[in-house]
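Heads up: the structure comes next, in structure tokens.
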2 protein chains.
Amino acid sequence: MIDDEHSSDGEILTGLVLEIFRLNGRLLTAGDRLIADVGLTSARWQVLGAIHYADEPQTVSWLARSMGLTRQAVQRIVNELEVAGLVAFKANPSHRRAQLVMLTRNGQSAYAAADRRQKPWANALAKNFKRADLAAAQVLLAKIRGKLEADTE
Amino acid sequence: MIDDEHSSDGEILTGLVLEIFRLNGRLLTAGDRLIADVGLTSARWQVLGAIHYADEPQTVSWLARSMGLTRQAVQRIVNELEVAGLVAFKANPSHRRAQLVMLTRNGQSAYAAADRRQKPWANALAKNFKRADLAAAQVLLAKIRGKLEADTE
DNA sequence: GAGCATTTGACAACAAGTTGTCAATGACGA
DNA sequence: TCGTCATTGACAACTTGTTGTCAAATGCTC
């Protein structure tokens, strides 16, 4: 066998994992700065996005699953957003405790404002990269995540 | 111009960003579980790794820069690791305040134990993926991070 | 319908990261 | 050498995420 043992596939994947950790931090701080004067944070923005992209009002548990976070983490953010007047609860006909979450008018305009900031930012960052490369990376990462989630069960 | 506006490059990059957020969380919990009975957490493990991979004992600030975290975050972990007896401080000849951090014997064996867990885990996870794809993804993410860091300055 | 497992929200403890501020230290130029 | 500026550790407040536990609500099986 040819000498190729100095860098196993596992080690290459480990390098990728460490890169994800670093990039995650950078993205969060970049996001925070991008929308600081809208009065949002990356976490709240993400929750607003999950609500926005749902076809209908959904429960906190549903939102948490769609974001890959725990119920409790999302619940706390949602409660804060409700205090801030960006989301509102709506009675759930099929579950008395699990209320449905929806954007208020203020929530919609805050999300729209964040979106207006994000679009040129994303376009600028995407420059110099090939669309196919970005898409391939996303597919790869989603597959890795799928494997991790399968292991969790 | 052909109709290709429904999914701009920026939107594709945004999808990649959201995937990174999800994967980051999964990786952290997977890491925590992997080494829970070694008495480590993902964060402490990472700090031990940064110390381990440095050629010589380094300061907390240096470690933080190499990990892409803030000084304060790393400082707190290092202080806890010192209490736990996994790292030790050493006088820095060129700076009286900024002590150098090194692994103790216990720190070395804890890191080695974590490494023994991590290797088969990484190899198993890397299975089904092409080495070139993993490497390409890492390069792409590193480039994106480089752009973000350049913007910060 | 009764009983039991699952889902859900509430609450709490904790881990890990950020920002901001301060004083001590060291580096560098006038 | 002196003054100024950047770096560093210490400390604190805060955000965001985790896990664990509890009771309420629902659904499913017998």
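Source: prediction; values computed, not measured. Per chain, numbering begins at 1; letters A, B, ... match sequence-line order.
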Return the polar atom pairs (N/O with N/O) between nucleotides 1-6 of chain C and the protein under 3.5 Å, or none.
none

Can you list every pair that meets salt bridge (Lys or Arg N to Asp or Glu O under 4.0 Å) and has a residue in residues 132-142 of chain B, with sequence neighbours left out? none
Tell me, which pairs form a salt bridge (Lys or Arg N to Asp or Glu O under 4.0 Å) where one or both residues lie in residues 88-97 of chain B, sequence neighbours left out? none
Tell me: CG of B:Leu63 to P of D:dT7, nearest whole Å? 17 Å
Which whole-number value in Å describes the distance from B:Trp45 CH2 to C:dA16 C1'? 17 Å
Report the residues that fulfil ring-ring contact (aromatic ring centres under 6.0 Å, His included) with B:His52, sequence neighbours left out, ordered by chain and then residue number. B:Tyr111
In this structure, how many angstroms lie between the C1' atom of C:dG26 and the CH2 atom of B:Trp62, rounded? 20 Å
Which pairs pass salt bridge (Lys or Arg N to Asp or Glu O under 4.0 Å) with one or both residues in residues 105-124 of chain A, sequence neighbours excluded? A:Asp37-A:Arg117, A:Asp115-A:Lys119
For the pair B:Glu149 (side chain) and B:Gly146 (backbone), establish whether a donor and an acceptor sit closer than 3.5 Å, ignoring hydrogens and angles. no
Can you build the contact string for nucleotides 14-20 of chain D? Use B for base contact, S for sugar-phosphate-only contact, and - for no protein heavy atom under 4.0 Å. --BBBBB
Does one hydrophobic cluster hold both A:Val83 and A:Leu48, with members joined at side-chain heavy-atom distances below 4.5 Å? no
For B:Arg65, salt bridge (charged side-chain N to carboxylate O under 4.0 Å, His left out) partners two or more places apart: none
A:Thr14: side-chain hydrogen bond (donor to acceptor under 3.5 Å, both in side chains) partners, not counting sequence neighbours: B:Gln118
Any stems for DNA chain D, made of 3 or more Watson-Crick or G-U pairs in a row, each with both distances under 3.5 Å? C:1-30 with D:1-30
Considering residues at least two apart in sequence or located in another chain, which fulfil the side-chain contact (heavy atoms from CB on, under 4.5 Å) criterion with B:Ala50? B:Leu63, B:Ser66, B:Met67
Set of side-chain hydrogen bond (donor to acceptor under 3.5 Å, both in side chains) partners for B:Asn92, sequence neighbours left out: B:Ser94
Exercise: do A:Lys147 and B:Asn128 side chains pair donor with acceptor under 3.5 Å: yes
Taking the side chain from B:Asn106 and the backbone from B:Leu86, do they hold a donor-acceptor pair closer than 3.5 Å? no
B:Gln75 has an atom CD; how far is it from atom C1' of C:dG17, in whole Å? 14 Å
Where along residues 84-99 of chain A does a heavy atom come under 4.0 Å from DNA chain C, residue by residue in number order? A:Arg97, A:Ala98
Does B:Ser42 reach the main-chain N or O of B:Asp32 with its side chain, forming a donor-acceptor pair under 3.5 Å? yes
